[in-house]
K.L.:
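Take a look at this one; I'll ask things after.
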Amino acid sequence: MELSGVSFFGIIVAMVAYLLGMLTIGFLSSRKNETVGDFYLGGRQLGPFVTAMSAEASDMSSWLLMGLPGLAYLSGVAEPVWTALGLAVGTYINWLIVAKRLRRYSLAAGNAITIPQFFSNRFGDKKKILTLIAALVIVIFFIPYTASGFAAIGKLFATLFKVDYHLAMIVGAIVVISYTMTGGFLAASMTDLVQSIIMSIALTIVLFFGINQAGGIGAVMENAKSLAGHLSLTMSHVPDPNNLFAAGNTTPYGFLTVVSTLAWGLGYFGMPHILLRFMAIEDENKLTLSRRIASIWVVIAMGVAILIGVIGLGMTAAGVIPELTTSGSSETIIVSIAHRLSSFGFLPALLAGLILSGIMASTMSTADSQLLAASSSVSQDILAGFFGMKLTNKQLLRVARASLLVIAVIGVFLAWNPDSSVFRIVSFAWAGFGAAFGPLVLFSLFWRRTNSQGALAGMVVGGAMIFIWKFLVRPMGGILDIYELLLVLNRCPGHAAACPGLFIS
């Protein structure tokens with residue numbers, strides 16, 4: 001659908017206002033960064049609402065507004081529902097059992113301000129080997145993860161405004177780099193709060209506008225029921241690539257597939273950008289309120305995103321948006337709905353711009369947190385921690401910002417190919433952190449006998465097994481074709497408490 005001049009102008013106004021708002025927050029937050037602890041952890045002064053919403057915004061990424069609706073639109077609700085269920089349970093348990101202990105113990109463990117630093121302090125690792133290995137794990141998995149966010153921004157702008165992908169990607173990256181490099185963790189958290197609100201508004205607008213355009217919720221459900229397996233939790237719809245509403249085929253969504261999909265929830269215990277929010281709250285007793293806010297929001301947001309995919313299918317059946325017959329095009333379902341809304345005049349175009357800003361917000365809210373986590377690993381953990389560079393606070397801040405810039409440039413380079421798969425990278429990085437860090441975080445908080453040798457073995461073997469399973473074992477297919485995070489090993493060199501990372505990897 002080609003945008004009219006009025007529609008184009010309305011969308012541009014809304015999106016430019018959003019981008020300027022993010023830069024303003026970064027500038028204002030920069031005044032509060034007096035130490036490297038402020039830059040990387042906000043001085044442990046986050047309130048419960050900011051903690052909850054920034055954690056969930058940095059968690060969801062563009063997967064919420066593109067991946068989930070796209071899956072539900074093209075293949076039915078089975079995969080997105082089981083994935084959302086696993087993520088919802090993982091979110092709640094993470095907040096319930098990890099958040100308060102990590103906030104308390106990270107402070108007790110030498111006031112650790114990064115996850116690698118916490119590991120070394122927790123296990124008395126004076127040589128900082130754990131710091132180095134954990135920092136390398138973060139860099140290895142977060143740089144391509146950040147690149148996937150830059151790629152998503154570039155694809156969004158390129159699709160919307162028919163501009164060069166590389167130019168669009170660079171502009172988006174510059175905005176993220178600018179407010180994160182100036183404002184640090186506080187800027188990332190405050191922008192994530194704003195971005196979570198924008199994402200919520202975008203989902204709400206799309207939900208009600210889509211139902212109206214599709215002819216009502218009854219028409220939406222009847223259309224979905226007419227496609228075999230589309231509303232089933234035990235099979236997936238396989239659409240005809242030439243005709244979205246042909247009878248199509250179905251494939252069973254069996255027990256092993258369900259369990260493999262649910263395994264996404266296991267990754268939460270090892271996500272550095274989420275764990276840092278637990279460490280940054282001003283009062284550990286306020287984490288109960290944060291848990292309630294986060295759990296409620298994530299369930300509602302994912303549920304609405306899945307429903308939007310079904311509604312978008314109804315809009316296609318009603319002839320108000322075009323058919324999207326490939327997995328890549330189906331992920332732009334909300335973009336198509338926003339285009340439809342913008343055709344009704346300037347004010348609707350502003351709302352459409354807000355929706356599209358929501359997609360951009362979902363990506364940027366993750367990219368900024370990843371940049372911070374990766375740059376802290378280089379400057380704070382590797383340079384200052386492992387190599388013992390003696391720097392003043394001002395020098396540490398300069399090194400922190402320089403590290404962030406270098407990592408971001410590498411991310412831009414990795415995102416240069418417009419055909420790169422955003423969500424395949426996200427899935428792999430998610431498994432990597434879940435395997436390398438997840439079990440170790442749990443054992444470091446709940447098992448006194450866990451030691452530094454076991455922690456090191458757990459990180460190395462956990463991270464390595466993700467590569468081995470993904471690229472060597474899983475391609476064999478059959479019963480081996482399961483999500484790499486689900487792999488469970490039952491043997492450990494030494495005694496079991498020494499090797500937590502071997503249990504889930």
Side-chain angles (χ1 to χ4, degrees), residues 90 94 98 114-120 122-123 125 127-148 260 263-276 369-370 373-378 380-382 385-386 407 410-411 414 424-445 447 450-475 480 482-494 496-505:
N94 200 29
V98 171
T114 69
I115 296 300
Q117 191 179 78
F118 167 69
F119 288 151
S120 276
R122 161 67 175 82
F123 297 111
D125 175 28
K127 294 182 178 180
K128 303 297 181 182
I129 301 298
L130 288 176
T131 296
L132 176 64
I133 299 302
L136 291 175
V137 168
I138 288 176
V139 171
I140 288 169
F141 286 110
F142 257 159
I143 288 182
Y145 205 153
T146 303
S148 73
S260 182
W264 272 77
L266 297 174
Y268 276 109
F269 307 119
M271 293 298 132
H273 55 304
I274 298 174
L275 298 175
L276 287 173
S369 298
Q370 293 163 347
S375 66
S376 70
S377 295
V378 173
Q380 187 68 18
D381 298 321
I382 297 177
F386 181 75
I407 288 169
I410 296 173
L414 292 178
R424 188 176 298 116
I425 295 173
V426 170
S427 172
F428 180 68
W430 187 270
F433 284 122
F437 288 164
L440 179 54
V441 168
L442 294 176
F443 276 77
S444 67
L445 298 177
W447 194 275
T450 311
N451 57 41
S452 60
Q453 293 87 354
L456 180 60
M459 278 195 292
V460 172
V461 176
M465 282 306 300
I466 292 300
F467 281 93
I468 293 170
W469 195 269
K470 172 73 173 179
F471 296 108
L472 298 179
V473 179
R474 192 173 181 181
L480 299 177
I482 59 174
Y483 186 35
E484 46 270 22
L485 188 55
L486 189 61
L487 176 64
V488 179
L489 301 181
N490 57 17
R491 293 193 61 187
C492 174
C499 300
L502 297 182
F503 293 153
I504 305 174
S505 58

K.L.:
Tell me the closest heavy-atom pair linking Val460 and Ile133, and the distance in Å.
P.N.:
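Between these two residues, the closest heavy atoms are CG2-CG2, 4.1 Å.
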K.L.:
Within the 4.5 Å heavy-atom criterion, are Gln453 and Leu456 side-chain neighbours or not?
P.N.:
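Not in contact.
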K.L.:
Taking only distance into account, with no hydrogens and no angle test, what donor-acceptor pairs under 3.5 Å do side-chain atoms of residues 433-445 form with protein atoms, sequence neighbours excluded?
P.N.:
from: Ser444; atom 1: OG; to: Leu440; atom 2: O; distance (Å): 3.0
from: Ser444; atom 1: OG; to: Val441; atom 2: O; distance (Å): 2.8

K.L.:
Rounded to the nearest 0.5 Å, how far apart are CE of Met465 and CG of Leu472?
P.N.:
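Reported value, rounded in 0.5 Å steps: 9.5 Å.
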K.L.:
Any sub-3.5 Å donor-acceptor pair from Ser452's side-chain atoms to Phe123's backbone N or O?
P.N.:
no
K.L.:
With distance as the sole test, does Asp381 use its side chain to make a donor-acceptor pair with the main-chain N or O of Ala135 at under 3.5 Å?
P.N.:
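Such a contact is absent between Asp381 side chain and Ala135 backbone.
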K.L.:
Would you give the length of the straight line joining atom CZ of Phe269 to atom CG of Leu275, rounded to the nearest 0.5 angstrom?
P.N.:
10.0 Å
K.L.:
Working to the nearest 0.5 angstrom, can you tell me the gap between Gln380 CD and Thr131 OG1?
P.N.:
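That separation rounds to 9.5 Å.
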K.L.:
If the condition is ring-ring contact (aromatic ring centres under 6.0 Å, His included), which residues does Phe471 pass it with, not counting sequence neighbours?
P.N.:
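By the ring-ring contact (aromatic ring centres under 6.0 Å, His included) rule, Phe471 matches Phe428.
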K.L.:
So do the side chains of Thr146 and Ile407 get within less than 4.5 Å of each other, counting heavy atoms only?
P.N.:
no
K.L.:
Please report the closest heavy-atom contact between Ser120 and Leu130, naming both atoms and the distance.
P.N.:
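So the two residues come closest at OG-CB, 3.5 Å.
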K.L.:
Let me confirm one number: the CG-CZ distance from Asn451 to Arg122, rounded to the nearest 0.5 Å.
P.N.:
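Here the rounded value is 9.5 Å.
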K.L.:
Quick check: do Phe142 and Pro272 have side-chain heavy atoms less than 4.5 Å from each other?
P.N.:
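Yes, at least one pair of side-chain atoms sits under 4.5 Å.
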K.L.:
Taking atom CD1 of Ile140 and atom CZ of Phe467, what is their separation to the nearest 0.5 Å?
P.N.:
6.0 Å
K.L.:
Within the 4.5 Å heavy-atom criterion, are Phe119 and Asp125 side-chain neighbours or not?
P.N.:
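In short, these two side chains do not touch, never coming nearer than 4.5 Å.
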K.L.:
Calculate, to the nearest 0.5 Å, the distance between atoms CG and OH belonging to Asn94 and Tyr268 respectively.
P.N.:
8.5 Å
